[in-house]
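The shown structure was predicted, so the numbers you read here are calculated from the model rather than taken from an experiment. Scope of the values below: all heavy atoms of this structure, side chains included, with no hydrogens, waters or symmetry mates.
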Amino acid sequence: MTTWDTVVRGGKIVSATEVYEADIGIKDGVVAAIGRDLGPCQTIVDARGLLVLPGGVDTHVHLEQTGLGPEMCDNWESGTASAAAGGTTTVVCFAWQPKGGSLAAITADYHVKARQARVDYTFHLTVTDPTPEVLEVELPRLIAEGCRSVKVFMTYDGVRLDDRQALRVLAAARRNEALVCVHAENHDLIAWLTEQLVSANLTTPKFHAYAKPMIAEREAVYRIISLAEALDVPIQIFHVSGAQSAEEIARAQARGLKVWGETCIHYLTLTAEDLDRPGFEGAKFIFGPPARTEADQEALWGYLRRGIIEVVSSDHSPTRFDDPKGKKFAGDPAPFNKVPNGIPGLAARLPVLFTEGVSKGRIDLPTFVRLTSTNPAKLFGLFPQKGSLAVGSDADFILWDAEKSVVLTNELMHHGGDYTPYEGYQTQGYPVATYLRGRAIFDGRTVTGPAGGGRFIARPPYPMIAPLERFPTPFNAVDGRLV
Ligand code: URP
Ligand code: ZN
Ligand code: ZN
C-alpha cells in the first residue's frame, strides 16, 4: 500500500523564512507531510541538487482583455503556458468593466474564457464606471463570490476615475471587505505634458518617460493614500516605479496605515534609456508608469529588502511588436502617446528576479520566496492554500536549479508575443520543472499542463485587509455614523 501519491525527494525547500533539507509527501494534490525518508509512494520526484520553491503567485497579470482597441496577444491558454514556463502556478487577472457596461457580465464572460487556464487563478475587478448599479449591486455580489480585490485607475482616458469616484469605490470596497489596488498617476499633468511634447514634435518613444515623470506618480500615490486614509480603507499601490513613490508608501506605513506596495520586474531591470533604442524599438519598452533610473532601481531593492514593498509582479500586459494590432496599432512609427502600454513578463519574472536578486547577492532565498509567492498570496487572500509549502497547502512547487544559466529568447517565454524585453539576457538560476497540485505542468522545456487544468480560487474575507477603525474625525463616513 502506498502512503503518498508523490514524494519529492532530496531537495532543499525554501520557505518565506528558511532553507532546509526535507522530502515532501503529496496526497490528492496537497502537501500531506514534510520530513525525512518519507515512505512508500507511487511516484518519486528526484530533487537532489535542486531548490524546491513554492509555486510563483503573480498578482498582476492581464490576459485576454478585449475591447481596448489594440489586441492583447495572450489568451488564457497561452498566457498561463507562459506562467508555467516561468514557475508561476497562480495568477490574478483582471475582469475589466467596459465603460458604460456591466462589471457582472464581463466577469461572467471572463470565467468562461478562464476555463482554458493551465494554472490556478482568481480575478481582480477593474472598475472604470462606478455607477450605483455597479457599486451597490454588482460589486457586493462579485466580491462575495470570491473576487476580493478591485482595481482603479487614476489615469488613462476611458478608464480613469476622478477623486470623487475613487472615494465611492473605496467606500464600496470597505463595506464589502475587498482590497483596492491602484494605478496611481496624475492624469491631468500627463495629459498636459503630452500635449506640450506633441506640439513640440517630440514624439519618439523616449518622450513617453518625459510625459509621465516620477512627480506625476508620486503625487497620485500620495493623493490616493490620503483618500484611503480618510475612509480607513486598506490599499495596494500597483507598479511602484521608483524611489519617490516608495517613500510615500514608507511614510504611510510609518503612520500605521495598511498601505502596501508592488513593484514589477521591469522597474528593477530596465531604465528610461531603453525607450531610446534605435528606430521604433523603444516601443517595446512602453508601459506605464515608465521605467526610471538606475538610482531608482537601487532604491527599490532597498525597499524590497526592508519589506516596505512586499510584492514583485510581472504586470504581464502583452501586445505584439511587429503587428498592426499591437505596438504598431497607430503606425510604424507612431507617436508615443498612440502606442499601447504594456509588456510581457510572466515567464521572465522569476528567473530575472532570481538572477538580479539572489545570484547577485541583493536578496536571500527566503526573501525571493516572500516577494514572488508568500507575500502576494497573503495580501490577496490566497494563503496558506497558495504561497507556501506547508502541510495542507496545495502542492504547487518549482524545482529550481540555482546555477542554471539560460540565455532568454522569445521562444522560451512560451507566450503569444513576438518579443521579450529580456532577449539575450543571461540568467543564473532557472526552473527545471513546475508542478501544480502535485502534477507536472512544465518539464524544463515543454509546457505539459493542459489547457483547462487550472482552477478558479474564490477568496473569502481575510483579516489582513480588515480596516483599522481609524478616521480623521469621529465620523465613519462610509457607514454614515459617529464613532
Ligand atoms: O503599461 C501597463 N502597465 N499596462 C497594463 C495596464 C496597467 O496599467 O496595469
Ligand atoms: Zn496599472
Ligand atoms: Zn497592469
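Shown here for Val134 and Pro140, the closest heavy-atom pair between the two residues is O-CD, 4.1 Å. The heavy-atom pair separating Val31 from Ala390 by the smallest distance is CB-O, 3.3 Å. Contact detail for Gly387 and Ser373: the closest heavy-atom pair is CA-OG, 3.2 Å. Lys258 and Leu468 get closest at one heavy-atom pair: CE-CD2, 3.9 Å. Between Ile457 and Lys386 the shortest heavy-atom distance is CD1-CE, 3.6 Å. The two residues Cys41 and Ile44 have their closest heavy-atom pair at SG-CG1, 3.6 Å.
A salt bridge links Arg362 with Glu298: the closest approach of a Lys/Arg side-chain nitrogen to an acidic carboxylate oxygen falls below 4.0 angstrom. Under 4.0 Å is where a charged nitrogen must lie from a carboxylate oxygen, and between Glu217 and Arg292 at least one such pair does. For Arg320 and Asp323, the salt-bridge test passes: some basic side-chain N is under 4.0 Å from an acidic carboxylate O. A salt bridge is defined here as a Lys NZ or Arg NE, NH1 or NH2 lying under 4.0 Å from an Asp or Glu carboxylate O, and Glu247 with Arg251 fails to meet this definition.
The one candidate from Thr372, Thr374, Thr367 that meets the side chain to side chain donor-acceptor pair (under 3.5 Å) condition with Arg370 is Thr367.
Figure legend: Lys404 and Tyr430 shown without cation-pi pairing, the cationic atom not lying both under 6.0 angstrom from the six-membered ring centre and within 45 degrees of its axis. Both cation-pi conditions hold for Lys378 and Phe383: the charged atom is under 6.0 angstrom from the six-membered ring centre and inside a 45 degree cone around its axis.
Gln297 and Thr271 form no side-chain donor-acceptor contact under 3.5 Å, judged by distance and modelled atom types alone. Checking Tyr425 against Glu356 by side-chain atom types alone, a donor-acceptor pair falls below 3.5 Å. Residues Arg459 and Ser149 have side chains that bring a donor and an acceptor to within less than 3.5 angstrom of each other.
Here the side chain of Ser393 pairs no donor or acceptor atom with the backbone of Leu389 at under 3.5 angstrom. At least one donor-acceptor pair under 3.5 Å links the side chain of Asp418 to the backbone N or O of Phe321. A donor-acceptor pair under 3.5 Å links the side-chain atoms of Asn75 to the main chain of Glu77, judged by distance alone. A donor-acceptor pair under 3.5 Å links the side-chain atoms of Glu64 to the main chain of Trp76, judged by distance alone. Distance alone, capped at 3.5 Å, places no donor-acceptor pair between the Gln116 side chain and the Ala451 backbone. Under a 3.5 Å cut-off, the side chain of Thr107 and the backbone N or O of Ala95 do not form any donor-acceptor pair. Side-chain N or O atoms of Tyr422 include none that pairs as donor or acceptor with a backbone N or O of Val352 at under 3.5 Å.
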Under 3.5 Å, which donor-acceptor pairs link side chains of residues 260-267 to any protein atom two or more places apart or in another chain?
from	atom 1	to	atom 2	distance (Å)
Glu262	OE1	His60	ND1	3.2
Glu262	OE1	His239	N	2.6
Glu262	OE2	His60	ND1	3.0
Glu262	OE2	Ser313	OG	2.8
Thr263	OG1	Val240	O	2.7
Tyr267	OH	Pro289	O	2.5

Residues 10-20, side-chain donor-acceptor partners within the protein, below 3.5 Å, at least two apart:
from	atom 1	to	atom 2	distance (Å)
Ser15	OG	Thr17	N	3.1
Ser15	OG	Thr17	OG1	3.3
Ser15	OG	Glu18	N	3.0
Ser15	OG	Glu18	O	3.4

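Residues forming a side chain to side chain contact (heavy atoms under 4.5 Å, CB included) with Phe329 (at least two apart in sequence, or on another chain): Pro70, Pro340. Residues satisfying the side chain to side chain contact (heavy atoms under 4.5 Å, CB included) test with Asp5, not counting sequence neighbours, are Lys27, Asp28, Gln42. Take Tyr156 and apply the ring-ring contact (aromatic ring centres under 6.0 Å, His included) test, not counting sequence neighbours, and it matches Phe153, His183. Scored by the salt bridge (charged side-chain N to carboxylate O under 4.0 Å, His left out) test, Asp74 finds no partners at all (sequence neighbours excluded). For Asp296, there are no salt bridge (charged side-chain N to carboxylate O under 4.0 Å, His left out) partners two or more places apart in sequence or in a different chain. Take Ile308 and apply the side chain to side chain contact (heavy atoms under 4.5 Å, CB included) test, not counting sequence neighbours, and it matches Ile249, Ala250, Gln253, Tyr303, Arg306. For Arg349, the salt bridge (charged side-chain N to carboxylate O under 4.0 Å, His left out) partners two or more places apart in sequence, or in a different chain, are Asp58. Taking Gln65 as the reference, His62, Leu68, Met72, Phe94, Trp96, Tyr110 meet the side chain to side chain contact (heavy atoms under 4.5 Å, CB included) condition, with sequence neighbours excluded. With sequence neighbours excluded, the residues that form a salt bridge (charged side-chain N to carboxylate O under 4.0 Å, His left out) with Arg48 are Asp46.
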Thr88 and Val61: CA distance, side-chain angles, deciding distance, side chain to side chain contact (heavy atoms under 4.5 Å, CB included) verdict: CA-CA 11 Å; Thr88 288; Val61 177; over 6 Å; no
Verdict with supporting geometry, Glu229 and Val259, side chain to side chain contact (heavy atoms under 4.5 Å, CB included): CA-CA 9 Å; Glu229 183 174 5; Val259 173; over 6 Å; no
Thr89 and Phe397: CA distance, side-chain angles, deciding distance, side chain to side chain contact (heavy atoms under 4.5 Å, CB included) verdict: CA-CA 8 Å; Thr89 49; Phe397 59 94; over 6 Å; no
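Within a 6.0 Å radius of CZ in Arg305, other residues, nucleotides and ligands contribute more than 12 heavy atoms. In Arg9, the CZ atom is crowded: over 12 heavy atoms of neighbouring residues, nucleotides or ligands sit closer than 6.0 Å. By the neighbour-count criterion of 12 heavy atoms within 6.0 Å, atom CD of Glu273 is sparsely surrounded, having that number or fewer from other residues, nucleotides or ligands.
When ring centroids are compared, Phe380 and Tyr462 stay outside the 6.0 Å threshold.
Phe442 and His414 have perpendicular rings, their planes meeting at more than 60° on a 0 to 90° scale where under 30° would count as parallel. Relative ring orientation between His124 and Phe238 is described as perpendicular, the plane-to-plane angle rising above 60° on a 0-90° scale split at 30° and 60°.
For residues 352-378, the pairs satisfying ring-ring contact (aromatic ring centres under 6.0 Å, His included) are Phe354-Phe368, Phe354-Trp400, Phe368-Trp400, with sequence neighbours left out.
Taking CD1 from Ile24 and CH2 from Trp4, the interatomic distance works out to 12.0 Å, rounded to the nearest 0.5 Å.
Put simply, the side chain of His208 does not reach to within 4.5 Å of the side chain of Phe285, judged on heavy atoms.
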